[in-house]
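Below is one structure, written out as structure tokens; the observations come after it.
What you are looking at is a predicted structure, and each value in this text was computed from that prediction instead of being measured.
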Amino acid sequence: MKLYKNKSHMTFDETGVEPDQVFELVQDMNGTVEYTTKVPRFSSVQCLSIYFPSNFGAETTKVTYIGLKGEFQEARRHEVTICNYEARANPADHKTSFLDTVNHAVS
């Protein structure tokens, strides 16, 4: 079994790329085997793709249960920030009393 994280529109053609983790499955009729993922690699997962490249000799593969453990966090979306940067300042846009007087004392 190969796990790929955060590939939201993954296709079968893309299963040749390096997966985030690979598991060698064992035949488990009772559903008691747990596979432990590498925790640092699977932090902040938004999308998980699971690929089964082979099965245990049957013509078809039937998956009856996949359980996931972890902590849910509400998705935080940052709104678009619109910023204007000046390459050269226009003095007319920056009115100050310092520029209003003509006579400046230089010391």
Show the nearest heavy-atom pair for residues [X] and [Y], with the distance to one decimal.
{"X": "F23", "Y": "T37", "value": "CZ-CG2, 3.9 Å"}
{"X": "T15", "Y": "Y4", "value": "O-OH, 2.7 Å"}
{"X": "S8", "Y": "C47", "value": "CA-SG, 3.6 Å"}
{"X": "R41", "Y": "P19", "value": "NH1-O, 4.4 Å"}
{"X": "D28", "Y": "T32", "value": "OD2-N, 2.7 Å"}

Mind checking whether [X] and [Y] sit in one hydrophobic cluster, side chains of I, L, V, M, F, W, Y counted as touching below 4.5 Å?
{"X": "F52", "Y": "V26", "result": "yes"}
{"X": "V22", "Y": "V17", "result": "no"}
{"X": "M1", "Y": "V39", "result": "no"}
{"X": "I50", "Y": "M10", "result": "no"}

Check: Side chains of L25 and Y35: closer than 4.5 Å at any heavy-atom pair?
Finding: yes
Next item on the list: For the residue pair F12 and Y51, categorise the inter-ring angle as parallel (less than 30°), tilted (30 to 60°) or perpendicular (more than 60°).
Entry: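 Because their plane-to-plane angle is over 60°, the rings of F12 and Y51 count as perpendicular.
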Notebook entry, point to check: Between E34 and K69, is a side-chain contact (heavy atoms from CB on, under 4.5 Å) present by the stated rule, with each step listed?
Noted result: CA-CA 10 Å; E34 290 187 13; K69 291 182 180 180; 3.4 Å; yes
Check: Say you draw a straight line from CG of N6 to OG of S49; how long is it, rounded to the nearest 0.5 Å?
Finding: 9.0 Å
Under 3.5 Å: donor-acceptor pair, side chain of [X], backbone of [Y]:
{"X": "D20", "Y": "K5", "result": "yes"}
{"X": "Q21", "Y": "K2", "result": "no"}
{"X": "N55", "Y": "G57", "result": "yes"}

